[in-house]
Amino acid sequence: MRRFLAGSTVIALLTAACAAGPGRPPARTSGAPACDPRMDAAFTAWAAAGFSGSIAILKDGEFECRAAYGMADVAAHRPNTPETVFSIGSVTKAVTAAAILRLADEGKLSLDDRVGKILPRLRGPVAKATVRQLLLHTSGLNGTHGDDYERLSPDEALTAIGRLKLAFPPGTGYVYSNAGYTLLALVVERLSDRGYRGYLDSAVLRLPGGRVAGGFWDGRPPAPGPRAIGYLDDGRPGHQGGSSGAYWGLEGNGGLAMSTPDLASWTHALFTGQVVTPASAALAARPGWPLGDGRSETPGWVAYDRSVYGERFLSAAGGGGDVGHNTVVAWVPGQRRAVAIASNTAGLTAEELLKAVGPALLAGRPLPTPPAAARDGDLGAIVGTYRLDGGGRLQVTAEGGKLTVSATGADAVRALTSPGAGGTESASTESGSTESEGTEAALRAHEQRVLALLNGQTQEGRRERAALEKAFGAVSGLSLAGTITQGADTRTYVVLTTGKGPVLGWYAVNDQGGVQAAEVPAKPPALTFVPSGAGRFRPDDPTGTGPHVEIAFEGRRMTVTGARGTAVAERSG
């Protein structure tokens, strides 16, 4: 989901290895786990390393693990429990896709129907796209039709989507599109006599036995149960839901909420033919558009073949925005196993935890645990500002036995990051990028697309420029401030010269120049380090997926060593 512009509060860390904002509560906070003791011991270790959230693992309809860690509300000393409700973000797309497949089962549409036939008021080139193409992100829709919490009615959303240009003729390419899934929600809204929300609540989210799996984070029907507060990178609580809307910038592509046991149960019900027909369940699991690296898009999911981890599985994930939650769910058809994980801090997200333990889960091996940090002496002596020869600054602060280093200036960002976080040669993104995002050439290409956007060279760029000038006054100049890889995103930082002074922000765009995420204003990118012994520090990254960089201090000198080589900064003042 797209993050807000102008004054939003979003997770914008250099790497999710950064420390959790509200501090680290005791790992075990939810009483005795309904979980294998060895599995719980591993998850407890990950919780001590920064994970706060809930985990549910279901096999053949029976729970192998229902456990929770950390705090749902730090101020109220309220722990996460298996019943705690989380926003599931873009996992909502899997539910929207199921609603479309169920309508097809009922004979109310064909997946090969053109969307303009179903929604005759839809204008623009997307009207020629088919329902199937919308499900697989191959409609060509590029760009956004509205921010998450911009008040937008169904008619206004339909008009805004109709105005979007296509990146390519429908069916000839791939670009991840939130707007496409909002358009699918509008199809459900029209064809169901209960509307989109009513249809999900009464049919699609119903579990065997009649219980409803969750509901909505904002508006009605709400997801029942205690809610986790999401904590952003600076420790502030995220958006806690309950607003009435209508938010049709978000409908269909995000907005649902549920507990992890409900999400695992719903996933099992979906793929075993209890939400849609067995034929439609098989379609949801069948690779539909190749993404490369053993991955394919399916309706609402991404399918991974055996070349990735030795076992075929499907996955959906959601996070970002200003809620502060991250959720991931996986279905392993050969094991009839569903795994759902949700987190409510930035310290160690659900997706990162699944990436760390997933291969062992698939193979039936004991779960790995995070490495322990070394002990070091007084860190206060090395706190300060360090300047590079190129003019960039590295600001070092210390808290809780850790260092946080923030980078200002393109050379500082370059020194602190490495091409290809975690040492990978390429990164998959929601945009469906197939280029090697970790290579220097790809990073430079990303910068050029951001410059084209902010210079108003595209339809979305002109809209973006107008939004910036409305918030900050006339934009008279812009300069690049560094590009990083953050998880699955590539983010280019820019400094805007505006009527209100210089403003730092970042943009993540897809190969076609469409905005996938943005934060303006933004804090400088930062990375948290833990001691690794002998006066050296490594990223606080228990999963090992962050940048491969090491820092060391000697006298007034700070040395940064990474994939791009070594940079030396001198302490100022």
Side-chain angles (χ1 to χ4, degrees), residues 1 11 16 20-22 25 27-30 33-35 39-40 43-44 46-47 49-58 63-74 78-95 205 213-218 222-232 237-241 254-268 301 315-331 338-358 361 487 543:
M1 293 177 291
I11 297 174
R28 161 62 57 198
T29 57
S30 59
C35 196
M39 190 177 288
D40 175 63
F43 287 138
T44 298
W46 287 106
F51 173 73
S52 174
S54 175
I55 298 167
I57 303 175
L58 189 75
F63 281 103
E64 294 181 304
C65 185
R66 292 174 73 254
Y69 306 85
M71 304 299 288
D73 185 336
V74 173
R78 178 169 57 86
N80 283 316
T81 73
E83 290 71 38
T84 300
V85 169
F86 297 82
S87 166
I88 65 171
S90 284
V91 180
T92 300
K93 293 180 177 68
V95 181
L205 290 173
F216 288 84
W217 189 249
D218 288 283
R227 295 187 171 203
I229 293 175
Y231 293 95
L232 307 178
H239 174 67
Q240 297 175 42
L256 282 173
M258 61 183 72
S259 67
T260 57
D262 274 356
L263 180 55
S265 297
W266 183 83
T267 299
H268 175 269
W301 300 79
S315 181
D322 64 348
V323 175
H325 291 175
N326 179 249
T327 303
V328 61
V329 60
W331 170 252
V339 180
I341 305 177
S343 58
N344 66 318
T345 68
L348 179 58
T349 68
E351 288 182 81
E352 290 162 340
L353 179 57
L354 182 60
K355 185 173 183 179
V357 304
L361 267 177
T543 64

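Numbering of residues begins at 1 and proceeds along the displayed sequence.
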- Query: Taking atom CG of Leu354 and atom CG of Leu361, what is their separation to the nearest 0.5 Å?
  - Reply: 7.5 Å
- Task: Evaluate the ring planes of Trp331 and His268, with Trp represented by its six-membered ring, and classify them as parallel (under 30°), tilted (30 to 60°) or perpendicular (over 60°).
- Result: perpendicular
- Backbone N/O of Ala228 and side chain of His325: donor-acceptor pair under 3.5 Å: yes
- Task: Measure the spacing between CD1 of Ile229 and OG of Ser52 and express it to the nearest 0.5 Å.
- Result: 11.0 Å
- Message: Any heavy-atom pair between the side chains of Asn80 and Ser54 that's under 4.5 Å?
- Response: no
- Evaluate the side-chain proximity of Val357 to Trp46: yes if any heavy-atom separation is below 4.5 Å, no if none is. yes
- Query: Are Tyr69 and Phe51 close enough that some pair of their side-chain heavy atoms sits under 4.5 Å apart?
  - Reply: yes
- Message: Given Glu351, which partner from the list Thr327, Asn326, Thr543 fulfils the side-chain hydrogen bond (donor to acceptor under 3.5 Å, both in side chains) test?
- Response: Asn326
- Item | Rounded distance (nearest 0.5 Å) linking atom CD of Glu83 with atom OG1 of Thr260 | 9.0 Å
- Main-chain N/O of Val74 paired to Tyr231 side chain as donor or acceptor, under 3.5 Å: yes
- Query: Could you give the distance from CH2 (Trp301) to OG (Ser315), rounded to the nearest 0.5 Å?
  - Reply: 7.5 Å
- Work out which heavy atom in Ala223 is nearest to a heavy atom in Val85; give both atom names and the distance. CB-CG1, 3.8 Å
- Query: At their closest point, which heavy atom of Asp262 faces which heavy atom of Ala213, and how far apart are they?
  - Reply: OD2-CA, 3.9 Å
- Shortest non-hydrogen contact between Ala264 and Ala340, atoms and distance: N-CB, 4.0 Å
- Task: Check Ala56 against Phe63 and note the closest heavy-atom contact, atom names and distance.
- Result: CB-CE2, 4.0 Å
- Message: On a heavy-atom basis, which atom in Pro82 and which in Pro261 lie closest, and how many Å separate them?
- Response: O-CD, 3.1 Å
- Message: If you define the side chain from C-beta out and look only at heavy atoms, does anything of Leu353 sit under 4.5 Å from Ile55?
- Response: yes
- Query: Is Met258 close to Leu205 at the side-chain level, that is, under 4.5 Å between some pair of heavy atoms?
  - Reply: yes
- Knowing that exactly one of Val328, Ile57, Leu263 qualifies, which makes a side-chain contact (heavy atoms from CB on, under 4.5 Å) with Ile341? Val328
- Query: Does the side chain of Phe216 come within less than 4.5 Å of Thr92's, by heavy atoms?
  - Reply: no
- Message: Determine whether a donor-acceptor pair (N or O, by modelled atom type, separation under 3.5 Å) exists between the side chain of Trp217 and the backbone of His239.
- Response: yes
- Task: Please answer whether the main-chain N or O of Thr349 pairs with a side-chain N or O of Ser343 as donor and acceptor at a distance below 3.5 Å.
- Result: no
- Does Arg78 use its side chain to pair, donor to acceptor, with the backbone of Arg227 at less than 3.5 Å? yes
- Message: Minimum heavy-atom separation for Ala94 and Trp266, please, with both atom names.
- Response: O-CH2, 3.7 Å
- Message: Nearest 0.5 angstrom please: Met71 CE to Thr345 OG1, how far?
- Response: 12.5 Å
